[in-house]
J.: 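Okay, handing you the structure first.
Quick note on labels: first sequence line is chain A, next is B, and so on, each numbered from 1. The structure presented is a predicted model; accordingly, all values stated were derived computationally and were not measured.
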Number of protein chains: 2
Amino acid sequence: MADDVFKALADPTRRLILDELVERNGQTLFEICGRLVTKHGLGLSRQAVSQHLAVLETAGLVITRREGRYKFHDLNTEPLEHIAGRWLGQKAPESTP
Amino acid sequence: MADDVFKALADPTRRLILDELVERNGQTLFEICGRLVTKHGLGLSRQAVSQHLAVLETAGLVITRREGRYKFHDLNTEPLEHIAGRWLGQKAPESTP
DNA sequence: TTGATAGGCAAGCCGAAACTTGCCTATGGT
DNA sequence: ACCATAGGCAAGTTTCGGCTTGCCTATCAA
């Protein structure tokens, strides 16, 4: 469960994909491909991005909905909220003024 | 910078090490080895744990201090606090009562 | 000083992960 | 009906991460 989330976040390309989805939710595979190439200059194939999206989906960080021949990808931040708490929980909360 | 933190957290053994340091801070390499073997039943060599600790240290999650022939490992949770905020930042903060 | 304890360095092995390549399915427009 | 667009599947390659093995250094105690 949490293992999938950490493994998904381990790759810099996947973190960039999450960034793009924060900026504009509900993008298709081709849109994400275009953004990664033009805005960040990384040259990867469409299948590479597709596989990254699959990893993000099994981690629960991306939820997909199909409409016709389009498949839209929505960001789901819920798995991100409890991740660090595993080690921050019972710590003395240092001065947070 | 953040890349090191995510890569460090990607491995389940390293996450277990952080758990052990939460439970008891300032352990030596041999102490951590013993705990991983006895409490969690994983059979890994001392060098494996040493390499894991090195990864955690370059990520800033573990800080070491040397005293004589002992090297104590202290947890540093600071890099964990801003990790998820990258994607949670401009999201509507749900009810935190 | 010798031995035991705590740790470090470096090369090598192996399996998993990232990426490619090639082909296939499905939807929509004209 | 036809073709272009959006996406999927599967095998192959290559790179990288985790782990081992073997040996070396340093500190302390007797």
Side-chain angles (χ1 to χ4, degrees), chain A residues 2-21 24-38 40-74, chain B residues 2-21 24-38 40-74:
Chain A
D3 192 83
D4 294 327
V5 179
F6 284 115
K7 285 227 169 81
L9 293 174
D11 188 88
T13 303
R14 285 195 286 268
R15 295 197 296 271
L16 272 183
I17 292 177
L18 294 183
D19 290 340
E20 292 304 318
L21 288 180
R24 183 159 173 275
N25 211 14
Q27 296 188 61
T28 72
L29 170 60
F30 275 46
E31 286 176 307
I32 297 174
C33 273
R35 291 201 167 209
L36 290 180
V37 171
T38 64
H40 302 96
L42 20 151
L44 22 66
S45 68
R46 174 181 59 88
Q47 285 77 2
V49 180
S50 179
Q51 286 162 9
H52 280 308
L53 285 170
V55 174
L56 289 170
E57 190 174 4
T58 64
L61 291 166
V62 161
I63 296 178
T64 61
R65 56 192 156 90
R66 187 123 205 188
E67 288 182 17
R69 61 173 160 177
Y70 299 103
K71 188 179 182 183
F72 301 105
H73 301 264
D74 296 295
Chain B
D3 191 83
D4 295 327
V5 179
F6 285 114
K7 286 227 170 82
L9 293 175
D11 188 87
T13 303
R14 285 195 285 269
R15 295 197 297 271
L16 271 183
I17 291 177
L18 295 183
D19 291 339
E20 292 304 317
L21 288 180
R24 184 158 172 274
N25 211 14
Q27 297 188 58
T28 73
L29 170 61
F30 276 46
E31 286 175 307
I32 298 172
C33 273
R35 289 201 170 211
L36 291 181
V37 172
T38 63
H40 302 96
L42 17 153
L44 22 68
S45 69
R46 174 180 60 87
Q47 284 79 0
V49 180
S50 178
Q51 287 163 7
H52 280 307
L53 286 170
V55 174
L56 290 170
E57 190 174 6
T58 65
L61 291 166
V62 160
I63 296 178
T64 61
R65 55 191 156 91
R66 187 125 205 188
E67 288 181 19
R69 62 175 160 176
Y70 299 103
K71 189 180 183 184
F72 300 105
H73 301 264
D74 295 296

J.: Quick one: B/R65 CZ to C/dG7 P, roughly how many Å, whole number?
T.: 12 Å
J.: Figure out the CZ/C1' separation between A/R66 and C/dA26, and round it to whole Å.
T.: 7 Å
J.: Would you say a side-chain N or O of B/S50 is under 4.0 Å from OP1 or OP2 of C/dG7?
T.: no
J.: Atom CD1 of A/I17 and atom C1' of C/dC19: how far apart are they, to the nearest Å?
T.: 13 Å
J.: Can you find a side chain N or O atom of B/K71 that sits less than 4.0 Å from OP1 or OP2 on C/dG8?
T.: yes
J.: Could you tell me the separation between the CZ atom of B/F30 and the P atom of C/dA4, rounded to a whole number of Å?
T.: 15 Å
J.: Is there a donor-acceptor contact under 3.5 Å from the side chain of A/Q27 to the main chain of A/E20?
T.: yes
J.: As a test of understanding, state which of A/H40, A/R35, A/H52 forms a side chain to side chain contact (heavy atoms under 4.5 Å, CB included) with A/L16.
T.: A/H40
J.: B/H73 has an atom NE2; how far is it from atom P of C/dA6, in whole Å?
T.: 13 Å
J.: Using a 4.5 Å cut-off on heavy atoms from C-beta on, say whether the side chain of B/L29 contacts that of B/K71.
T.: no
J.: With no hydrogens and no angle check, is any side-chain donor or acceptor of B/R14 less than 3.5 Å from a backbone partner on B/K7?
T.: yes
J.: What integer distance in Å separates A/L56:CG from C/dA17:P?
T.: 14 Å
J.: Can you tell if the side chain of B/L61 reaches within under 4.5 Å of the side chain of B/D4, non-hydrogen atoms only?
T.: no
J.: In whole angstroms, how far is the C1' atom of C/dA17 from the CG atom of A/D3?
T.: 14 Å
J.: For A/T13 and A/V49, run side-chain contact (heavy atoms from CB on, under 4.5 Å): C-alpha distance rounded to whole Å, both residues' side-chain angles, the deciding distance at 0.1 Å, then the answer.
T.: CA-CA 9 Å; A/T13 303; A/V49 180; 5.9 Å; no
J.: Scan nucleotides 28-30 of chain C against the protein and return all N/O pairs shorter than 3.5 Å with their distances rounded to 0.1 Å.
T.:
unit_1, atom_1, unit_2, atom_2, d
C/dG28, O4', A/R69, NE, 3.4

J.: Does some side-chain heavy atom of A/T64 sit less than 4.5 Å from a side-chain heavy atom of A/L53?
T.: no
J.: Under 3.5 Å, side chain of B/S50 to main-chain N/O of B/R46, donor-acceptor pair present?
T.: no
J.: Strictly under 4.0 angstrom, non-hydrogen atoms only: write out the protein contact profile of nucleotides 18-25 of chain D, one letter per nucleotide from the 5' end, B, S or -.
T.: SBBBB---
J.: Return the value, rounded to whole Å, for the distance between atom CD of B/Q27 and atom P of C/dA6.
T.: 14 Å
J.: For the residue pair A/L9 and A/R15, what are the closest heavy atoms and their distance?
T.: O-NH1, 2.7 Å
